[in-house]
Number of protein chains: 2
Amino acid sequence: MKDRMRIGDLSERAGVTQRTVRYYEKMGLIPPGEREGNGQHYYTEETVARLRKIDQLKKLGLSLEEIRDVIDLYFMDPSGVQPKQKVLGILRQHLSEADRKIEGLQQFRTDLLTNIERFEQWLKDAEQL
Amino acid sequence: MKDRMRIGDLSERAGVTQRTVRYYEKMGLIPPGEREGNGQHYYTEETVARLRKIDQLKKLGLSLEEIRDVIDLYFMDPSGVQPKQKVLGILRQHLSEADRKIEGLQQFRTDLLTNIERFEQWLKDAEQL
DNA sequence: TATAAACACGACGTTAACGTCATGTTTGGA
DNA sequence: TCCAAACATGACGTTAACGTCGTGTTTATA
């Protein structure tokens, strides 16, 4: 609930390791948060949300690189104007890829069901002996 | 169309590299095919089909390990009886995982669409200036 | 039969996404 | 103030799924 966590609290609240936080930081997935001259990094509540969103997207099969391309849209403040038309393109691309994957998975699902049924039937038949 | 290809033809027809063939062979995804004492491996038409099916499943996000668990079902001859009840379990598990992934992807798709619309609207508004 | 093309096999290289030390500095509580 | 707990950083390790090289044997063709 604080807006000045160190990496320990952050990682615990987000459910990731400190190594992961540092890795994502270096990869540009989350903003860095150094403070003063001491060297320790301080993070805010939004970073927790970012880490959780990243985790969600990962579970959908997106790579960190892909996530880096879209993550900002989830935390866009309506003030950062720019040639972000590019982002739109990326989004559309991800959209059609998602469509492809969904279609493929549904086909796979159907195949699995068919196989299961065939298999059960075959087991039943074998029992008759 | 031959049933006695060597690795060159096989890999070309299946659209994979020879290294991939050897790797899959070692991983147990395709049956080995040595012949005589010479050392060269000979493959059949079915192996081409297997390689293509493996490629399809890969594109759905299955790992080689997962594929190894189900690939035989696609090429099961109705004669190999055994405690393959286990296979049924694996199939069911894959089924529910596929369901989860589909659901997630659809949510992701919806999110993307929302973001795209919001973004386009925002661009339009900004143009009004 | 002489060779180039094809094949076999071992070993090291590569990318992604971190894990796991090792070592040195900073912070927070008794 | 002192010291254990927390943090920073660098470096090497790990898994998956192959790529790439080097070297040595087999096959096919002129």
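Here is how names work: the chains are called A, B, and so on, in the same order as the sequence lines, proteins then strands, and each is numbered from 1.
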Round to the nearest Å and state the distance from [X] atom [atom1] to [N] atom [atom2].
X: Asp9(A); N: dT27(C); atom1: CG; atom2: P; answer: 15 Å
X: Gln40(B); N: dA28(D); atom1: CD; atom2: P; answer: 8 Å
X: Leu51(A); N: dA17(C); atom1: CG; atom2: P; answer: 15 Å
X: Glu66(B); N: dA17(D); atom1: CD; atom2: P; answer: 9 Å
X: Gln18(A); N: dT9(D); atom1: CD; atom2: C1'; answer: 13 Å
X: Ile7(A); N: dT27(C); atom1: CD1; atom2: C1'; answer: 15 Å
X: Tyr23(A); N: dT15(C); atom1: OH; atom2: P; answer: 12 Å
X: Arg19(A); N: dC21(C); atom1: CZ; atom2: C1'; answer: 12 Å

Can you find a side chain N or O atom of [X] that sits less than 4.0 Å from OP1 or OP2 on [N]?
X: Thr17(A); N: dG19(C); answer: yes
X: Thr20(B); N: dG19(D); answer: yes
X: Tyr24(B); N: dA17(D); answer: no

Open item on the list: Against Ser11(A), only a single residue in Met5(A), Arg19(A), Arg22(A), Gln18(A) fulfils side chain to side chain contact (heavy atoms under 4.5 Å, CB included); can you say which?
Closed with: Gln18(A)

Check for a donor-acceptor pair, side chain of [X] on one end and backbone N or O of [Y] on the other, with a separation under 3.5 Å.
X: Arg4(A); Y: Tyr42(A); result: no
X: Arg68(B); Y: Gly28(B); result: no
X: Asp3(B); Y: Glu45(B); result: yes

- [ ] Indicate, with a heavy-atom threshold strictly under 4.0 Å, whether Arg6(B) touches base, sugar-phosphate, or nothing.
- [x] sugar-phosphate

Open item on the list: Once you apply a heavy-atom cut-off of 4.0 Å, does Lys26(B) come out as touching a base, just sugar-phosphate, or nothing?
Closed with: nothing

Counting heavy atoms from C-beta on, name the nucleotide in [options] closest to the side chain of [X].
X: Lys58(B); options: dC18(D), dA8(C), dT27(D); result: dC18(D)
X: Leu64(A); options: dC9(C), dA17(C), dC18(D); result: dA17(C)
X: Asn38(B); options: dA17(D), dC18(D), dT27(D); result: dT27(D)
X: His41(A); options: dA8(C), dC18(C), dT9(D); result: dT9(D)

- [ ] Kindly compute the distance separating CG (Leu29(B)) from NZ (Lys53(B)), expressed to the nearest 0.5 Å.
- [x]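 Answer for the CG-NZ pair, Leu29(B) versus Lys53(B), is 14.0 Å.
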
Open item on the list: By nearest heavy atom, map Gly8(A) and Leu62(B) onto DNA chain D; which one lands nearer the 5' end?
Closed with: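 Checking each residue's closest nucleotide, the 5'-ward one belongs to Gly8(A).
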
